[in-house]
Colleague: 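Handing you this structure, nothing more for now.
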Amino acid sequence: MNNFHFKEKPDAVIILALKTNNPQQETTTINSVYQQAENLLESIAKHQDKTAFEQLYWIFAPKIKSYMKQHGADDSLSEELAQESLMQVWLKADKYKPELSQPSTWIFRIARNIYIDKLRKQKCFDADEISNFENELSENQNYDHEIDSQRFKKLIKTKLSSEQYQILELSYFKGLNQPEISAQLAIPLGTVKSRLRLAFEKIKSAMGGQHEY
Amino acid sequence: MSINHHLNKDTLLAYSAGTLYEGFSFLAKAHLHYCKTCQHQLDLANHFAGNLLEKNHDSMMNDNSFNQLWDKIQSKDASSDASKAIIKEIKNDFSLIINNNYDDIPWSVLVPGIQQYIFTDIHCDQGSVRLLKIKSGIQIPHHSHNGTELTLILKGSYEDESGEYYPGDLSDLDDSNCHQPHVNSTEDCICLIATEQKLKFSSPFNRLLQVAVGL
């Protein structure tokens with residue numbers, strides 16, 4: 001019954017070709033790309049900087065397109081939804097607060113909301129416009145992307161069991177809810193829940209270090 | 001507001017992934033509005049997801065993909081009217097819950113002692129999202145659930161087998177839980193309930209009652 005192809009855990013990709021306005025492709029390490037994303041967002045918010053936006057586009061749109069495809073959209077719809085996500089990034093760049101989240105977390109939420117709206121056909125209750133209570137939680141995080149990325153890699157590679165990772169992947173990349181995961185993997189619903197709870201504890205202990213939870 | 005009952009971690013992760021039914025998301029959002037603990041934990045789940053996105057593989061984009069988008073941004077006011085309308089609608093439903101002005105709600109009588117208001121435009125699989133206003137001293141008959149039931153207390157309080165619930169507290173129950181909530185506040189208890197299936201009452205009489213009132 002199980003035709004789900006379990007993707008391998010992400011490798012430690014450290015080199016990424018970054019397409020820029022410049023016809024020559026620039027190669028840089030993945031961490032500096034994501035550190036740079038914060039500056040790009042700032043340039044977009046402050047100066048409506050098209051060049052910065054294009055750079056940010058080529059970092060995130062191909063990943064969001066994959067995300068939409070993983071959720072079952074075909075190639076052209078996935079591209080459209082990736083474009084729509086980046087359009088929201090352009091429109092809302094002034095609402096991004098670096099002290100609250102890293103760019104990829106903020107952009108994930110935008111893409112996830114578009115997935116909920118367009119593919120799940122639900123109203124999205126995460127919309128920033130509904131309430132701005134997140135802003136009250138502002139904390140002065142001393143955020144270091146390098147450290148964070150190391151922690152994430154360690155979490156994926158050594159802390160989470162393959163069963164826990166598989167369930168997280170089915171949730172985050174296949175959009176399956178708990179009863180669907182239970183059916184897909186032919187395991188009881190209670191097991192799905194307990195694996196998710198254990199996975200959360202591991203995420204918390206591995207990545208909660210820079211925050212107070 | 002001191003909150004002692006929270007979203008289960010699996011529900012929180014599902015909220016972050018976007019896989020909850022609409023009604024559960026609505027209720028989770030309302031709890032998150034009050035609960036700093038769950039908000040922090042959601043931030044952490046989203047942070048994890050942001051890292052997942054960074055490590056996701058790239059799909060090939062069309063060569064003119066960016067220019068296409070740029071033309072679109074240039075050619076019109078890009079924030080679409082449709083999304084504004086949806087946000088307005090959500091705001092209305094949401095402010096109904098968090099503004100503490102429950103007298104303005106068009107309540108209807110469910111059974112003597114219990115009034116309800118159903119959010120007809122918020123879907124929750126086979127179930128529903130509704131506000132209940134329960135008179136002091138009322139006990140809801142013993143029941144379990146076919147699936148998950150989330151309850152958020154907005155006013156007053158109740159107790160059941162798992163403890164006491166005050167405003168902001170959330171009860172996150174699945175089909176393994178059976179309970180019999182009893183309103184123990186002197187004022188009415190107002191709570192927001194989302195279910196994915198109909199409730200499963202333990203006694204035949206209550207099942208008859210259920211058919212009559214449509215719970």
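A note on names: the letters A, B, ... follow the listed sequences, proteins ahead of strands, and every chain is numbered from 1. Heavy atoms only: backbone and side chains are in, while hydrogens, waters and symmetry mates are out.
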Colleague: Do A:Glu54 and B:Trp70 have side chains that approach each other closer than 4.5 Å (heavy atoms only, starting at C-beta)?
Modeller: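 Heavy-atom side-chain distance check fails, nothing below 4.5 Å.
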Colleague: Identify which part of A:Phe60 has an atom lying under 4.5 Å from any heavy atom of chain B, answering side chain, backbone, both or neither.
Modeller: side chain
Colleague: What I'd like to find out is whether the side chain of B:His47 reaches to under 4.5 Å of the side chain of A:Phe108, using heavy atoms alone.
Modeller: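 Result no, sub-4.5 Å side-chain heavy-atom pair not found.
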Colleague: Please check if the side chain of A:Lys123 supplies one atom and the backbone of B:Asp121 the other of a donor-acceptor pair under 3.5 Å.
Modeller: yes
Colleague: Mind checking the CG-OG1 spacing from A:Leu176 to B:Thr19? Nearest 0.5 Å is all I need.
Modeller: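 So the CG of A:Leu176 and the OG1 of B:Thr19 are separated by 8.0 Å.
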Colleague: Main chain of B:Ala17, side chain of A:Ser171: is a donor-acceptor contact present, judged purely on distance under 3.5 Å?
Modeller: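 No, A:Ser171 side chain to B:Ala17 backbone: no donor-acceptor pair under 3.5 Å.
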Colleague: Side-chain contact, heavy-atom cut-off 4.5 Å: B:Tyr21 with A:Asn177?
Modeller: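 Contact flag for B:Tyr21/A:Asn177 side chains = yes.
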Colleague: Flag the pair A:Trp106 / B:Asn46 as yes when at least one side-chain heavy-atom distance between them is below 4.5 Å, and no otherwise.
Modeller: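 Of all side-chain heavy-atom pairs linking B:Asn46 with A:Trp106, none is under 4.5 Å.
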Colleague: Using only atom types and a distance under 3.5 Å, with no angle test, would you say the side chain of A:Arg197 pairs donor to acceptor with the backbone of B:Asn8?
Modeller: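 Absent.
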Colleague: Taking B:Met60, B:Lys9, B:Met61 one by one, which has the highest count of heavy-atom pairs under 4.5 Å against chain A?
Modeller: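 Result: the option with the highest number of such pairs is B:Met61.
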Colleague: In terms of the angle between their ring planes, are A:Phe152 and B:Phe48 parallel, tilted or perpendicular, with boundaries placed at 30° and 60°?
Modeller: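 Ring orientation, 0 to 90° scale: tilted.
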Colleague: Checking A:Tyr67 against chain B: side chain, backbone, both or neither under 4.5 Å from a heavy atom?
Modeller: both
Colleague: To the nearest 0.5 Å, what is the distance between CG (B:Leu13) and CZ (A:Arg195)?
Modeller: 14.5 Å
Colleague: Starting from the C-alpha separation in whole Å, work towards a yes-or-no answer on side chain to side chain contact (heavy atoms under 4.5 Å, CB included) for B:Leu12 and A:Phe200.
Modeller: CA-CA 9 Å; B:Leu12 200 76; A:Phe200 181 84; 4.1 Å; yes
Colleague: Step through the shown structure and confirm whether more than 12 heavy atoms of other residues, nucleotides or ligands are within 6.0 Å of NZ on A:Lys202.
Modeller: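 For A:Lys202, atom NZ is crowded (more than 12 foreign heavy atoms under 6.0 Å).
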Colleague: With a 4.5 angstrom heavy-atom cut-off, which part of B:Ala14 approaches chain A: side chain, backbone, both or neither?
Modeller: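 When you check distances to chain A, only side chain atoms of B:Ala14 fall under 4.5 Å.
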Colleague: In Å and rounded to the nearest 0.5 Å, what is the CE to CG distance from A:Met207 to B:Asn51?
Modeller: 4.0 Å
Colleague: Measure the shortest side-chain to side-chain distance between B:Leu69 and A:Leu86 over non-hydrogen atoms and say whether it is less than 4.5 angstrom.
Modeller: yes
Colleague: Taking side chain as everything from C-beta outward and backbone as N, CA, C, O, which of these in B:Ile122 sits under 4.5 Å from a heavy atom of chain A? Side chain, backbone, both or neither.
Modeller: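 Both backbone and side chain.
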Colleague: Do you know which of A:Ile203, A:Val192, A:Ile116, A:Leu198 has the most heavy-atom pairs with chain B at a distance under 4.5 angstrom?
Modeller: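 Ranked by heavy-atom pairs under 4.5 Å with chain B, first place is A:Ile203.
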Colleague: Between the side chains of A:Glu79 and B:Ser65, does any donor sit under 3.5 Å from an acceptor?
Modeller: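 A donor-acceptor contact under 3.5 Å links the two side chains.
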Colleague: Against chain B, label A:Gln178 side chain, backbone, both or neither, depending on which of its atoms sit under 4.5 Å from a heavy atom there.
Modeller: side chain
Colleague: Does A:Leu189 form a side chain to side chain contact (heavy atoms under 4.5 Å, CB included) with B:Asp174? I'd like the steps, not just the answer.
Modeller: CA-CA 10 Å; A:Leu189 185 60; B:Asp174 61 32; 5.8 Å; no
Colleague: Say you draw a straight line from CG of B:Asp58 to OG of A:Ser66; how long is it, rounded to the nearest 0.5 Å?
Modeller: 6.0 Å
Colleague: Does any heavy atom of chain B fall under 4.5 Å from the side chain of A:Glu80, the backbone, both, or neither of them?
Modeller: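 The answer is neither part of A:Glu80.
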Colleague: Can a side-chain donor-acceptor contact be found between B:Ser16 and A:Tyr172 if the only test is distance below 3.5 angstrom?
Modeller: yes
Colleague: Under a 4.5 Å cut-off applied to non-hydrogen side-chain atoms, are B:Lys55 and A:Ile156 in contact?
Modeller: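 SC-SC contact between B:Lys55 and A:Ile156 ruled out.
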Colleague: CG of B:Asn62 to CG of A:Asp75: how many Å apart, nearest 0.5 Å?
Modeller: 7.0 Å
Colleague: Where is the tightest heavy-atom contact between A:Lys63 and B:Leu53, given as atom of each residue plus distance?
Modeller: CD-O, 3.2 Å
Colleague: Kindly indicate, with the supporting measurements, whether the criterion side chain to side chain contact (heavy atoms under 4.5 Å, CB included) is fulfilled by A:Gln70 and B:Asn56.
Modeller: CA-CA 10 Å; A:Gln70 285 153 337; B:Asn56 204 7; 2.9 Å; yes
Colleague: CZ of B:Phe24 to CD of A:Gln122: how many Å apart, nearest 0.5 Å?
Modeller: 11.0 Å
Colleague: Flag the pair B:Glu54 / A:Ile59 as yes when at least one side-chain heavy-atom distance between them is below 4.5 Å, and no otherwise.
Modeller: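 When only atoms from C-beta onward are counted, A:Ile59 and B:Glu54 do not touch, as no gap falls below 4.5 Å.
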Colleague: Measure distances from A:Lys69 to the heavy atoms of chain B and classify the residue's part below 4.5 Å as side chain, backbone, both or neither.
Modeller: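 The side chain, not the backbone.
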